[in-house]
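This report concerns only the one structure given below.
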Amino acid sequence: MTHDPRLITALDLPSVAEAETMVGRIGAGCGFYKIGLQLLPIGGMELAARLKGGGYDVFLDFKLHDIPATVEKATRSIADARTGDLLTVHAEPPVMRAAAEGRSGSNLKILGVTVLTAYDDAMLAEMGYGMGARDLVMRRVDQAVEAGMDGVVASPLEAEAIRARVPSDFLIVTPGVRPAGADAGDQKRIATPADALKNGASHLVVGRPITGAQDPGAAAAAISAEMRGV
Ligand code: C5P
């Protein structure tokens, strides 16, 4: 049984050595790995290069957010390194336009992070936004399409409304996925793998339900099997 190519395992682990051990334990259960800010400063890009060399797909979840000139140059550095298939930037129009410029001519796909799921309406008001999270997500989805992004990262509960307003090949990558009966942990807005896909997600990001399982390979294979049934 092979893995579902839409399943991405988040390697949220404290060291590259532990991440590589985890990839070995997952084995054939997953072919796509997410590397984030926890591993970036301690060998994350080198890990990404080794994973690419091993035939895996790699999602670099670095959430770039800086002045446009810096975002463009950072995106170009990452594209030139050829260690990633997906890269995240914050979904502000100048940031997204700069990232689109920086990756031009490469195969790197860019995803806009609409609104961090850790932010609620009160926090957005505190930051000066005049609209709630859901309205801001939809506004930024439209801006991501306009800026030439390949997709967005969003909650599985927002996927259906997003899918209705974007091109059919636009990626909707959803964390907050929990198999039925699994511990939600600190994720508040969750869906099962099957429901996330039915809602229009193109890829699912799953961390602890796989990496925290007694048998990560079996956990990943079970999620893949559920996904293939959709
Ligand atoms: O362990 P868990 O399945 O909750 O991991 C989800 C992954 O997705 C983590 O790496 C987390 O940082 C990331 N993520 C998220 N919510 C977002 C964006 C990213 O949970 N809005």
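Counting starts at 1 for both ligands and their atoms, in listed order.
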May I ask you to identify the nearest protein heavy atom to [atom], giving residue, atom name and distance to one decimal place in Å?
atom	answer
atom 13 (C) of ligand 1	Lys34 NZ, 3.9 Å
atom 2 (P) of ligand 1	Arg178 NH2, 3.4 Å
atom 20 (O) of ligand 1	Gln187 NE2, 2.7 Å
atom 21 (N) of ligand 1	Thr117 OG1, 2.9 Å
atom 10 (O) of ligand 1	Asp12 OD2, 2.6 Å

- Item | Contact atoms of ligand 1, heavy-atom distance to Arg208 under 4.0 Å |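 Counting from 1, the qualifying ligand atoms are 1 (O), 2 (P), 3 (O), 4 (O).
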
- For Pro209, take its heavy atoms, then give the atoms of ligand 1 lying under 4.0 Å from any of them.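 Reading through ligand 1 atom by atom, the close ones are 3 (O).
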
- Query: For atom 8 (O) of ligand 1, which of Gly212, Gly185, Pro175, Ala10 has the closest heavy atom?
  - Reply: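 Nearest option to atom 8 (O) of ligand 1, by heavy atoms: Pro175.
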
Please determine whether a side-chain nitrogen of the Lys or Arg among [X] and [Y] lies less than 4.0 Å from a carboxylate oxygen of the Asp or Glu.
X	Y	value
Arg76	Glu72	yes
Asp150	Arg103	yes
Lys52	Asp85	yes

- Message: Tell me whether Gly176 reaches ligand 1 (any heavy atom closer than 4.0 angstrom to a ligand atom).
- Response: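 Outside the 4.0 Å threshold, so no.
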
- Does ligand 1 have an atom under 4.0 Å from some heavy atom of Val205?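 Contact present.
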
- Contact partition for Ser155 relative to ligand 1, non-hydrogen atoms under 4.0 Å: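 It is neither; nothing of Ser155 touches ligand 1.
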
- Query: Atom CG of Leu64 and atom NZ of Lys73: how far apart are they, to the nearest 0.5 Å?
  - Reply: 13.5 Å

- Query: So how far is it from Leu39 CG to Asp61 CG, rounded to the nearest 0.5 Å?
  - Reply: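 The CG atom of Leu39 sits 11.5 Å away from the CG atom of Asp61.
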
- Task: Report yes if some N/O of Gly207 lies less than 3.5 Å from some N/O of ligand 1; otherwise report no.
- Result: yes

- Message: Taking side-chain contact (heavy atoms from CB on, under 4.5 Å) as the criterion, tell me which of Leu108, Val58, Leu60 meets it with Thr83.
- Response: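 For Thr83, the side-chain contact (heavy atoms from CB on, under 4.5 Å) test succeeds with only one of Leu108, Val58, Leu60, which is Leu60.
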
- Message: Please verify the inter-ring angle class for Phe32 with His203; under 30° counts as parallel, over 60° as perpendicular, anything in between as tilted.
- Response: perpendicular

- Message: Hydrophobic clustering (ILVMFWY, side-chain heavy atoms < 4.5 Å, transitive) - are Val137 and Phe170 grouped together?
- Response: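 Phe170 clusters together with Val137.
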
